[in-house]
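Sharing a structure, written as structure tokens. Questions coming.
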Protein chains: 2
Amino acid sequence: MKVEYINPFVASTRSVFATMLGCELTRGTPFSKEDRHPQHEVSGIIGLSGKARGTVVLSLERSVALAATAVLLGEHPKDINADVVDTVGELTNMIAGGAKAKLEELEMTVSLPSVITGKSHTVDFPSQAVGIGIPFESEWGALLVEVGLVEQQTEVPVAVVAAVS
Amino acid sequence: MKVEYINPFVASTRSVFATMLGCELTRGTPFSKEDRHPQHEVSGIIGLSGKARGTVVLSLERSVALAATAVLLGEHPKDINADVVDTVGELTNMIAGGAKAKLEELEMTVSLPSVITGKSHTVDFPSQAVGIGIPFESEWGALLVEVGLVEQQTEVPVAVVAAVS
């Protein structure tokens, strides 16, 4: 994945957290997502398609998901409920939407977000997509943005190729 | 979500399992995905966007994911590894692609799949999307296809509306 595709997601994540939640983020060192490792407890996932196809994952510590819900909806859930799901889905949607606008040459549209909950769940991309993980710290706890993007001309459905070769 | 949007996903799931895996599926009773409930251990997720935005989840018992990998790639993994991730991602991709072709009036494109692993993980859609779950049984174990689709004119970013009202 091209490095210049990463910055729009970093900028969009910072901007969404700052403007929607009043929460400043400190970025850690990005890493290539080659090893399978568990996410934080709540992950929003959204698809991108157009001249590139991809996935964006916003993975939040439970404390971050609950604090964001409190700010955005004025609710103070003790547990992960439908309000938290809506909040995490909408943050994921806004981060992907903001990055997509900055990558207009790829003419991408975003899908509906879905939200995964579960201790030590793992999110993997197929081997055709080398994902990049971007860790952040906030006053509420840690979060992680993962992006996997494949330009259409390089897209090869791996399993199908293996099945017919 | 319109009922006529469900049948293409049922037909596509059956067709992909029959033609790619030689595995006949028995469909159970579809249900409205209002309650949060755990998925099977391995879930492929893919986004759809166009005149409708949506998400398709293919959730497989571990035994189904491993057996499918054996048939498709000729590998016999004991654990969920990169081959299993590729297999589940590609099955999800093919099911979404097949259904999309049958729903051509919605002019949808598919994103890249991602694959979630984790015992008792939960996949939720935002409250704007009422999802439908379609359980299936196979000789290898149980699987579940979940579809949430929102037509663009009815799309309302719930959290944003709540935040500004």
Side-chain angles (χ1 to χ4, degrees), chain A residues 20 36 38-39 43 45-50 52-55 57 69 71-75 80-91 93-94 108-129 131 146 148-150 155 157-160 162-163, chain B residues 20 36 38-39 43 45-50 52-55 57 69 71-75 80-91 93-94 108-129 131 146 148-150 155 157-160 162-163:
Chain A
M20 298 301 293
R36 305 181 63 231
Q39 310 289 309
S43 300
I45 297 192
I46 198 163
L48 292 160
S49 55
R53 294 201 311 164
T55 305
V57 182
T69 305
V71 173
L72 207 55
L73 299 185
E75 307 283 338
I80 294 164
N81 63 10
D83 289 330
V84 179
V85 167
D86 275 348
T87 298
V88 175
E90 190 51 32
L91 291 174
N93 189 39
M94 286 187 282
M108 295 188 293
T109 54
V110 298
S111 74
L112 210 62
S114 52
V115 177
I116 318 299
T117 314
K119 284 181 179 155
S120 77
H121 71 274
T122 303
V123 180
D124 289 299
F125 300 145
S127 50
Q128 69 196 97
E146 296 188 327
L149 215 54
V150 178
E155 179 198 340
V158 176
V160 171
Chain B
M20 298 301 294
R36 305 181 63 229
Q39 310 288 311
S43 300
I45 296 191
I46 198 163
L48 291 160
S49 55
R53 295 201 311 164
T55 305
V57 182
T69 306
V71 173
L72 207 57
L73 299 185
E75 306 284 336
I80 294 165
N81 62 12
D83 289 332
V84 179
V85 166
D86 276 347
T87 297
V88 175
E90 191 51 33
L91 291 173
N93 188 40
M94 286 188 283
M108 294 188 294
T109 54
V110 298
S111 74
L112 210 63
S114 52
V115 177
I116 318 297
T117 315
K119 283 181 180 154
S120 77
H121 70 275
T122 303
V123 180
D124 289 299
F125 300 144
S127 51
Q128 69 195 98
E146 295 187 328
L149 216 53
V150 178
E155 178 196 342
V158 176
V160 171

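In what follows, every chain begins at residue 1, and chains take the letters A, B, ... in the order their sequences are listed.
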key: Among the listed options B:Ala52, B:Gly118, B:Gly50, B:Pro113, the residue most often paired with chain A at heavy-atom distances under 4.5 Å   = B:Pro113
request  = Return the option, out of A:Ile116, A:Leu149, A:Ile45, with the maximum number of heavy-atom pairs under 4.5 Å with chain B.
outcome  = A:Ile116
ask   = At a heavy-atom separation under 4.5 Å, does B:Leu48 approach chain A through its side chain, its backbone, both, or neither?
value =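 The backbone, not the side chain.
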inquiry  = For a quick test of reading the model, state the closest non-hydrogen atom pair linking A:Val110 to B:Ser49 and the distance between them.
reply    = O-CB, 3.2 Å
remark   = dist B:Arg53:CZ -> A:Asn93:CG (nearest 0.5 Å) comes out at 4.5 Å
ask   = What is the minimum heavy-atom distance between B:Ser111 and A:Gly54, and which atoms define it?
value =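 Looking at all heavy atoms of both residues, the closest pair is CB-O, 3.4 Å.
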request  = Identify which of B:Ser114, B:Gly74, B:Gly47 forms the greatest number of heavy-atom pairs closer than 4.5 Å to chain A.
outcome  =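 The candidate making the most pairs under 4.5 Å is B:Ser114.
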query = Is it the side chain or the backbone of A:Thr109 that comes within 4.5 Å of chain B heavy atoms, both, or neither?
reply =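 The answer is both parts of A:Thr109.
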request  = Could you list the residues that satisfy side-chain hydrogen bond (donor to acceptor under 3.5 Å, both in side chains) with A:Gln39, not counting sequence neighbours?
outcome  = A:Glu146
query = Closest approach of A:Ala129 and B:Leu112, non-hydrogen atoms and distance?
reply = CB-CD2, 3.3 Å
request  = For A:Thr55, check side-chain hydrogen bond (donor to acceptor under 3.5 Å, both in side chains) against everything at least two apart and list the hits.
outcome  = none
query = Can you tell me how far NE2 of A:His121 sits from OG1 of B:Thr122, rounded to the nearest 0.5 angstrom?
reply =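 Reported value, rounded in 0.5 Å steps: 10.0 Å.
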